[in-house]
Amino acid sequence: MGTPIDRADGTPPLVAVVLATGNRDKVREFKPMLEGISPQLRLYSLDDLALSPEIEETEPTLEGNARLKAEALYSLAEPMFEWLIVLADDTGLEVNALGGAPGVRSARFAPAPDGSSPSYEDNVSHLLKSIDGAPVRTARFRTVIALKGRMPSRDGGCFMVDETVEGRIDGTITGERFGSGGFGYDPVFRPDGAGKTFAEMSLEEKNAISHRALAVRSATARIRDLMAHAGIPSTETGNHP
Ligand code: ITT
């Protein structure tokens with residue numbers, strides 16, 4: 001693999017954007033938001049690169065875990081591309097009545113037999129049980145995206161990328177499940193002002209307002225800046241929400 005460039009012939013370099021997630025639901029949401037940034041950008045999921053690293057999310061914060069994933073994936077993907085930006089996200093549902101839990105433990109909230117991962121169903125049931133009778137059911141989804149990369153500089157050298165961006169959305173945990181779209185906690189999360197849960201929305205509706213969309217929008221803006229810094233053309237508006 002690789003993306004050799006010959007700046008002498010005026011060809012702008014190609015930049016690989018690697019989505020550091022094994023969660024296909026998340027890839028499905030990310031792709032349309034990133035695809036239009038630049039004709040020089042190539043988007044890869046872990047599946048595309050046949051990578052399936054086991055990265056333990058051991059940090060106590062979403063930021064820490066996003067950075068951890070980005071760094072681990074960067075070291076695996078870095079030999080494959082000359083220029084690349086790895087995007088790793090960590091998302092948590094923070095429920096006020098639970099002091100901000102499940103937060104970083106959102107994927108592993110429900111008790112599960114040793115070593116196994118609870119299903120989305122298990123986690124939602126556990127959440128509803130945990131806040132049964134709570135007078136306040138406010139919550140927020142928060143997504144942190146870490147960007148880790150190596151980009152060409154205009155003088156023929158390179159510069160490193162190492163930063164995070166964030167998106168969040170406030171809402172309420174409903175008393176029961178509504179809708180069949182989305183994934184994870186979507187059937188019980190109703191964003192403020194929306195009148196329906198994420199699971200009752202189309203992908204487009206969710207992508208217009210979600211925590212992940214907001215974080216991706218910020219990441220997209222940063223990628224555009226980084227491309228500009230490298231002297232690589234972006235499309236006018238891209239394909240972001
Ligand atoms: P990777 O670490 O492989 O990326 P993950 O499933 O662990 O995948 P996150 O840590 O980002 O993903 O998210 C933790 C859990 O939070 C996830 O398993 C879902 O249950 C839930 N979640 C994340 N994003 C969500 C969304 O947009 N809507 C509903 N639930 C979501």
Would you say [X] and [Y] make side-chain contact, with heavy atoms under 4.5 Å?
X      : Y      : answer
Pro53  : Leu76  : yes
Thr21  : Leu46  : no
Leu147 : Val86  : no
Val18  : Ile85  : no
Asp170 : Thr138 : no
Met151 : Met160 : no
Pro191 : Met201 : yes
Thr197 : Thr174 : yes

Answer with yes or no after comparing the ring centroid distance for Phe81 and Tyr44 against a 6.0 Å cut-off, counting only values under it. yes

Flag, side chain of [X] to backbone of [Y], donor-acceptor distance under 3.5 Å:
X      : Y      : result
Asp225 : Arg222 : no
Arg212 : Asn207 : no
Ser38  : Gln40  : yes

Identify whether the distance between the nearest side-chain nitrogen and carboxylate oxygen of [X] and [Y] falls below 4.0 Å.
X      : Y      : value
Arg142 : Asp90  : no
Glu204 : Lys206 : no
Lys196 : Glu205 : yes

Is there a path from [X] to [Y] through hydrophobic residues (I, L, V, M, F, W, Y) whose side chains come within less than 4.5 Å of each other?
X      : Y      : value
Leu93  : Phe183 : no
Val136 : Phe189 : no
Phe178 : Ile173 : no
Val144 : Leu214 : no
Val95  : Leu62  : no

I'd like to check the side-chain hydrogen bond (donor to acceptor under 3.5 Å, both in side chains) partners of Glu59; sequence neighbours left out, ordered by chain and number. none

For Ser153 and Asp155, which I'm curious about, is there any donor-acceptor pair between the side chains at under 3.5 Å? yes

I'd like to know whether Arg137 forms a side-chain hydrogen bond (donor to acceptor under 3.5 Å, both in side chains) with Asn96, so could you lay out the CA-CA distance, the side-chain angles of the two residues, the decisive distance to 0.1 Å, and finally the verdict. CA-CA 7 Å; Arg137 301 180 70 93; Asn96 291 327; over 6 Å; no

Closest heavy-atom pair and its distance - [X], [Y]:
X      : Y      : value
Tyr185 : Pro102 : OH-CG, 3.9 Å
Pro118 : Asn123 : CG-OD1, 3.5 Å
Ile209 : Ile169 : O-CD1, 3.4 Å
Ala208 : Arg217 : O-NH2, 3.2 Å
Val165 : Ala215 : CG2-O, 3.6 Å
Asp89  : Thr91  : OD2-OG1, 3.1 Å

Using atom types as modelled, flag every donor-acceptor pair under 3.5 Å from a side chain in residues 124-135 to any protein atom, sequence neighbours excluded.
| from | atom 1 | to | atom 2 | distance (Å) |
| --- | --- | --- | --- | --- |
| Ser125 | OG | Glu121 | O | 3.1 |
| Ser125 | OG | Arg177 | NH2 | 2.9 |
| Ser130 | OG | His126 | O | 2.6 |

Check each of Arg150, Arg42, Lys148 against Leu84 using the side-chain contact (heavy atoms from CB on, under 4.5 Å) test, and report the only one that passes. Arg150

